[in-house]
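Reviewing the structure listed below.
Just so you know, these numbers use all the heavy atoms, side chains as well, and skip hydrogens, waters and symmetry mates. Quantities reported herein were computed from a predicted structural model and do not represent experimental measurements.
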Amino acid sequence: MKGRVLSGMQPSGKLHLGNLFGALQNWVRLQEEYDCFYFIADWHALTSNYADVSEIRSNIKDILIDWLAAGLDPKKSTIFIQSRLPEHAELHLLLSMITPLPWLERVPTYKEKQDEIKDRDLCTYGFLGYPVLQAADILIYRAGYVPVGVDQLPHLEITREITRRFNNFYGHIFPEPQALLTEYPKIIGIDGRKMSKSYGNAVFLSDIPEEVERKMKIMITDPARARRTDPGNPDVCPLHSLHKVFGKKDDIERIDRNCRDASIGCTDHKDMLIKEALAILKPFSEKRKELEARPDQLDKVIASGVEKAKAVASETMAMVREAMKI
Ligand code: TRP
């Protein structure tokens, strides 16, 4: 029996290189060894974007296309949309009964997001309950492993606490899920900060080659290297940091030396990076075009994913209702 992996992403638009190297490639690898469940967390998107739902459907379609183009394979993995499985909501409700409020109030993302997002009111019941919904997503499939980035660790920790509390009250139903940390937690964007859609510094998987080139040309390098003849410091250079993620080891080592002795310039390095990035993105854009032309294919992927997910989720709910005498 293969171990079960579960993970989800909010549909918040097109995916970028940070999502690809930070999560998606890891998800693709896990398909070979685990029984994987991957879902689009549209209810989670509503916890902070409840007022403007105009883009949610197109975002779901975009993320699904990016997933499939990146190599998530519906033959190997169960791929679905959260809101198509009302079982998540039922389990969320039942878990909410046993989750102490202080546990939710001390989750770091709760305060951080409220401070960060000023244009929306996040003092809602749903937003506070975000981690309970996430716990339900994981437990409904009795998943053992959850591949996530470090930013999600507090959510996983509270899932584990809720799991122990549930098992303690009603009997051992759920395994305690473990995080599978991804190899590249931080991908640098073109301005030197963490790559993120909201910073406007991201290179998207769906960007056309001219756009990739334009963005990478303006990428920040070692700020102390003012002239071509100045030696550079790759340790503080965002270009190096991004390149390390997908470049060949030998090339990276050579460029590192050549930057320190000023035998290559930032523009030379950028040209190499652009060439490699375009080579990586080419097969995506081809697959993307194919998928965009076949919406019926996308519907089929989701329909079969929902069916497979439903089989497990309804079995879990039967166990939970029995355990809670409901
Ligand atoms: N909170 C996750 C994120 O924003 C998305 C998510 C929702 C998730 N439910 C999950 C991730 C369950 C892992 C497991 O990235």
Side-chain angles (χ1 to χ4, degrees), residues 3-10 35-50 78 80-114 121-181 306 309-326:
R4 185 169 292 150
V5 154
L6 171 127
S7 202
M9 279 185 205
Q10 287 190 43
D35 174 24
C36 294
F37 284 63
Y38 296 127
F39 73 97
I40 300 169
D42 53 349
W43 281 333
H44 275 104
L46 285 182
T47 61
S48 49
N49 267 315
Y50 52 85
T78 304
F80 58 100
I81 301 170
Q82 183 185 38
S83 64
R84 299 278 294 271
L85 278 300
E87 290 84 352
H88 289 230
E90 186 182 353
L91 185 57
H92 167 246
L93 176 87
L94 294 174
L95 296 178
S96 78
M97 304 299 169
I98 67 165
T99 306
L101 266 186
W103 289 12
L104 295 172
E105 284 162 347
R106 69 165 194 241
V107 172
T109 45
Y110 177 59
K111 279 268 163 292
E112 277 163 27
K113 278 259 151 41
Q114 283 187 332
D121 177 9
L122 296 185
C123 290
T124 58
Y125 180 46
F127 185 68
L128 181 67
Y130 185 113
V132 185
L133 183 56
Q134 183 156 345
D137 297 334
I138 299 169
L139 297 183
I140 195 94
Y141 302 106
R142 285 163 277 145
Y145 307 95
V146 185
V148 283
V150 277
D151 60 313
Q152 289 293 316
L153 285 181
H155 290 151
L156 208 72
E157 206 36 56
I158 187 167
T159 299
R160 290 160 61 85
E161 286 174 307
I162 294 173
T163 308
R164 290 194 288 269
R165 194 165 161 89
F166 184 99
N167 288 344
N168 201 23
F169 286 148
Y170 313 114
H172 192 97
I173 296 218
F174 297 120
E176 245 180 75
Q178 275 174 38
L180 291 178
L181 275 186
V306 167
K310 194 120 201 156
V312 183
S314 56
E315 193 183 79
T316 305
M317 273 325 295
M319 288 156 64
V320 168
R321 289 186 208 109
E322 185 54 34
M324 293 181 81
K325 312 283 180 242
I326 283 293

(Q) Applying side-chain contact (heavy atoms from CB on, under 4.5 Å) to Phe127 and Lys113, what does each step give before you reach the verdict? (A) CA-CA 10 Å; Phe127 185 68; Lys113 278 259 151 41; 3.6 Å; yes

Q | Nearest atoms (heavy-atom pairs only) where Val146 meets Ile138 | A | CG2-CG2, 3.8 Å

Q. With a 4.5 Å heavy-atom cut-off, do Arg106 and Lys111 have their side chains touching?
A. no

**Q.** Rounded distance (nearest 0.5 Å) linking atom OG1 of Thr99 with atom CZ of Arg165
**A.** 7.5 Å

Q: Applying side-chain contact (heavy atoms from CB on, under 4.5 Å), run through Glu90 and Ile140 and close with a yes or a no.
A: CA-CA 10 Å; Glu90 186 182 353; Ile140 195 94; over 6 Å; no

Q | Considering all heavy atoms, the nearest Asp42-Ser83 contact | A | OD2-OG, 2.5 Å

Q) To the nearest 0.5 Å, what is the distance between CG (Leu95) and CD1 (Ile162)? A) 6.0 Å

Q: Would you mind reporting whether Leu6 and Phe39 have side-chain heavy atoms less than 4.5 Å apart?
A: yes

Q. If you look at every heavy atom in Gly129 and His92, which pair is closest and at what distance?
A. O-NE2, 3.9 Å

Q) Does a side-chain heavy-atom distance below 4.5 Å link His44 with Asp137? A) yes

Q.
How long is the straight-line distance from CZ of Phe174 back to OG1 of Thr316, given to the nearest 0.5 Å?
A. 6.5 Å

Q | Interatomic distance, Arg4 atom CZ to Asp35 atom CG [nearest 0.5 angstrom] | A | 5.0 Å

Q. Given side chains that start at C-beta, do those of Met97 and Phe169 come closer than 4.5 Å, heavy atoms only?
A. no

**Q.** side-chain contact (heavy atoms from CB on, under 4.5 Å) between Val107 and Leu128, intermediate numbers included
**A.** CA-CA 9 Å; Val107 172; Leu128 181 67; over 6 Å; no

Q: Provide the closest heavy-atom pair for Val5 versus Ala143 in the form atom of the first, atom of the second, distance.
A: C-CB, 4.5 Å

(Q) Counting C-beta onward and ignoring hydrogens, is there a side-chain heavy-atom pair between Val320 and Tyr170 closer than 4.5 Å? (A) no

**Q.** Note, Gln82 side chain near Leu133 side chain (heavy atom, < 4.5 Å)
**A.** yes

(Q) Set out, in order, the CA-CA distance, both residues' side-chain angles and the distance that settles side-chain contact (heavy atoms from CB on, under 4.5 Å) for Asp121 and Tyr50, then state yes or no. (A) CA-CA 10 Å; Asp121 177 9; Tyr50 52 85; 3.6 Å; yes

Q) Can you find a heavy atom in the side chain of Leu85 that is under 4.5 Å from one in the side chain of Tyr141? A) yes

Q. Is there a donor-acceptor pair closer than 3.5 Å between any side-chain N or O of Asn167 and the backbone N or O of Ile173?
A. yes

Q: Give, for atom CG of Leu139 and atom CD of Gln134, the distance between the pair rounded to the nearest 0.5 Å.
A: 10.5 Å

Q. Around Lys310, counting heavy atoms of other residues, nucleotides and ligands shown, do more than 12 lie under 6.0 Å from its NZ?
A. yes

Q: Report the distance from atom OG1 of Thr109 to atom CD of Gln152, rounding to the nearest 0.5 Å.
A: 7.5 Å

Q: Report yes if some heavy atom in the side chain of Leu91 is under 4.5 Å from a heavy atom in the side chain of Glu87; otherwise report no.
A: no

Q: Determine yes or no for a side-chain-to-main-chain donor-acceptor pair under 3.5 angstrom, with His88 supplying the side chain and Ala136 the backbone.
A: no

Q. If you draw a 6.0 Å radius around CD in Glu157, do more than 12 non-hydrogen atoms from other residues or ligands fall strictly inside?
A. yes

Q) Within the distance-only criterion (no hydrogens, no angle test), does the side chain of Thr78 pair as donor or acceptor with the backbone N or O of Ala309 below 3.5 angstrom? A) no

Q: Search all heavy atoms of Val132 against all heavy atoms of Ser96 and return the closest pair with its distance.
A: CG1-N, 3.8 Å

Q) If you look at every heavy atom in Thr163 and Thr159, which pair is closest and at what distance? A) OG1-O, 2.6 Å

Q: Kindly say whether Arg160 contributes a backbone atom to a donor-acceptor pair with the side chain of Glu176 at under 3.5 angstrom?
A: no

